[in-house]
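Numbering starts at 1 and runs along the sequence shown. Worth knowing before you read on, the calculation uses all heavy atoms, side chains too, and leaves out hydrogens, waters and symmetry mates.
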Amino acid sequence: RAGACSPPSSFDHPLLGHLDVPEGEDQAVFVARKLKTLKKAIVRQLDWYFGDQNWERDTYLQESADSDGFVDVTIVAEFERLKALTTDLDFIQQCAQDSRVVEVAACGRRFRRRAAAPAK
């Protein structure tokens with residue numbers, strides 16, 4: 001039909017799940033924007049877990065820390081709000097690199113609070 005709009009392209013992304021790319025939008029640009037948004041949300045959640053307000057009252061997280069204050073990514077990844085964003089441990093580790101609150105161990109699999117969490 002003349003003037004009919006073609007449907008948006010649909011596909012399954014390994015981190016983002018099922019996506020419908022709007023008509024006329026470049027798929028790579030669309031995915032990059034969605035990944036950037038997801039990454040920000042994960043960093044924000046990690047910052048909350050290890051930030052002053054939560055850390056002081058989160059005895060489970062404190063008790064999960066080793067003698068150097070590091071918590072394994074597998075423990076943090078089980079928290080409901082983070083699990084709702086992603087279950088991909090590699091992506092969580094990648095996102096943690098962008099945190100100003102979380103320090104990532106050299107191995108990349110353990111996180112702890114930075115010496116002095118920045119004021120908001």
Kindly indicate whether the side chain of D12, heavy atoms from C-beta on, has any atom under 4.5 Å from the side chain of L19.
no
Pairwise distance CG(L82) to OG1(T87) - rounded to 0.5 angstrom:
9.5 Å
Counting only pairs under 3.5 Å, give me each side-chain donor-acceptor contact of residues 27-34, with atom names and distances, residues two or more places apart or in other chains.
| unit_1 | atom_1 | unit_2 | atom_2 | d |
| --- | --- | --- | --- | --- |
| R33 | NH1 | E25 | OE2 | 2.7 |
| R33 | NH2 | E25 | OE2 | 2.7 |

Spatial distance of atom CG (L46) from atom CZ (R100) [nearest 0.5 Å]
14.5 Å
Name each donor-acceptor pair under 3.5 Å that joins a side chain in residues 68-80 to protein atoms two or more places apart or in another chain, with its distance.
| unit_1 | atom_1 | unit_2 | atom_2 | d |
| --- | --- | --- | --- | --- |
| D72 | OD1 | T74 | N | 2.9 |
| D72 | OD1 | T74 | OG1 | 2.7 |
| E78 | OE1 | K83 | NZ | 3.3 |

With rounding to the nearest 0.5 angstrom, report the CZ to OG distance, R114 to S99.
6.0 Å
Does the pair L38 and F91 meet the rule for a side-chain contact (heavy atoms from CB on, under 4.5 Å), with working shown?
CA-CA 10 Å; L38 177 60; F91 192 63; 3.7 Å; yes
For the pair Q94 and I42, evaluate side-chain contact (heavy atoms from CB on, under 4.5 Å) and give the outcome as yes or no after the intermediate values.
CA-CA 10 Å; Q94 179 186 344; I42 291 169; over 6 Å; no
Give a yes or no on whether a salt bridge exists between D66 and R112, defined as a side-chain N under 4.0 angstrom from a carboxylate O.
no
Residue pair K40 / K36, side-chain heavy-atom distance below 4.5 Å
yes
Quick one: does R81's side chain get under 4.5 Å of Y49's, heavy atoms only?
yes
Rounded at 0.5 Å granularity, tell me how far CZ in R44 sits from SG in C95.
11.5 Å
Does the side-chain contact (heavy atoms from CB on, under 4.5 Å) test come out yes or no for E103 and R113, once each step is laid out?
CA-CA 6 Å; E103 178 183 344; R113 290 165 47 88; over 6 Å; no
What pairs of residues pass the salt bridge (Lys or Arg N to Asp or Glu O under 4.0 Å) test when at least one of them lies in residues 87-98, not counting sequence neighbours?
K39-D98
When you measure from the side chain of Q62 to the backbone of W55, do you find a donor-acceptor pair of N or O atoms at a distance under 3.5 Å?
yes
To the nearest 0.5 Å, what is the distance between OG1 on T86 and CD on Q45?
12.5 Å
Identify the two heavy atoms, one from G108 and one from V104, that lie closest to each other, and give their separation to 0.1 Å.
CA-CG1, 3.6 Å
Mind checking whether F111 and F50 have parallel, tilted or perpendicular rings, split at 30° and 60°?
perpendicular
Please report the C-alpha distance between F11 and H18 in whole Å, then the side-chain angles of each, then the deciding distance to 0.1 Å, and finally whether the side-chain contact (heavy atoms from CB on, under 4.5 Å) criterion is met.
CA-CA 6 Å; F11 69 100; H18 184 77; over 6 Å; no
Decide whether I92 and L35 are clustered together by the hydrophobic rule: side chain heavy atoms of Ile, Leu, Val, Met, Phe, Trp, Tyr closer than 4.5 Å, transitively.
yes
